Structures are given as C-alpha cells and as structure tokens.
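It should be emphasised that the depicted structure is a prediction, and the values quoted were computed from it without experimental measurement.
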Amino acid sequence: MKIQYDKQADALYIYLGEGNIKKTMRVGKNVLVDLDSKDRVVGVEFYKISRSVPKEKLRSISLELPAFA
C-alpha cells in the first residue's frame with residue numbers, strides 16, 4: 001500500500017493494489033474509487049482533501065495496518 005499527497009492538486013491517493021484502472025466510480029462528494037477489469041479496488045482518491053483535513057495534518061501521514069498471523 002502506498003499513500004501519496006499531491007499538494008498542487010490538493011488530492012490524496014491511496015494505492016491498494018496493482019493493475020490497470022478500467023473504471024472510476026464516484027462514491028462521495030470528493031471521493032473516487034478506481035477499479036480494475038475484475039472490479040477489484042486499485043486505489044481511492046480524495047480530492048479537495050484540505051477541505052476535510054487541516055493542511056498541517058497532511059504534512060505527515062501515518063498509517064496503521066492490522067497484523068496478520
């Protein structure tokens with residue numbers, strides 16, 4: 001998983017898988033989900049992110065993933 005913030009575009013993208021994007025669905029006011037040819041989620045984009053998250057929080061992003069046994 002990779003998270004990328006584009007300051008100029010004011011967008012945060014979470015890469016969840018690999019593959020070619022075949023379809024993009026709008027799932028919220030400023031949220032897009034990219035799907036591959038088998039409708040698996042490849043990534044999620046939050047645009048106009050600074051409207052929801054303070055800019056000082058976007059300088060440093062931390063991520064917690066569950067541990068798998």
Report yes if some heavy atom in the side chain of Phe46 is under 4.5 Å from a heavy atom in the side chain of Leu32; otherwise report no.
no

Got a second to check how far Ile3's CD1 is from Leu12's CG, nearest 0.5 Å?
6.5 Å

Answer yes or no: is there a donor N or O on one side and an acceptor on the other, between the side chain of Asp34 and the main chain of Val42, under 3.5 Å?
no

For residues Met25 and Leu35, determine if any side-chain heavy atom of one lies less than 4.5 Å from a side-chain heavy atom of the other.
yes

Beyond-backbone contact of Val44 with Val31, side-chain heavy atoms, under 4.5 angstrom:
yes

Same apolar cluster (I L V M F W Y, side chains within < 4.5 Å links), Ile49/Leu16:
yes

Same hydrophobic cluster for Val33 and Ile21, using side-chain heavy-atom links shorter than 4.5 Å among ILVMFWY?
no

Nearest-0.5 Å distance, CZ of residue Arg26 to CD of residue Glu45:
10.0 Å

Does any part of the side chain of Asp6, heavy atoms only, come nearer than 4.5 Å to the side chain of Tyr13, both counted from C-beta?
no

Work out which heavy atom in Lys22 is nearest to a heavy atom in Ser37; give both atom names and the distance.
CG-N, 3.4 Å

Please round to the nearest 0.5 Å and tell me the distance separating atom CD1 of Ile14 and atom NZ of Lys2.
13.0 Å

For Asn20, I'd like to know if atom CG has over 12 heavy atoms of other residues, nucleotides or ligands within 6.0 Å.
no

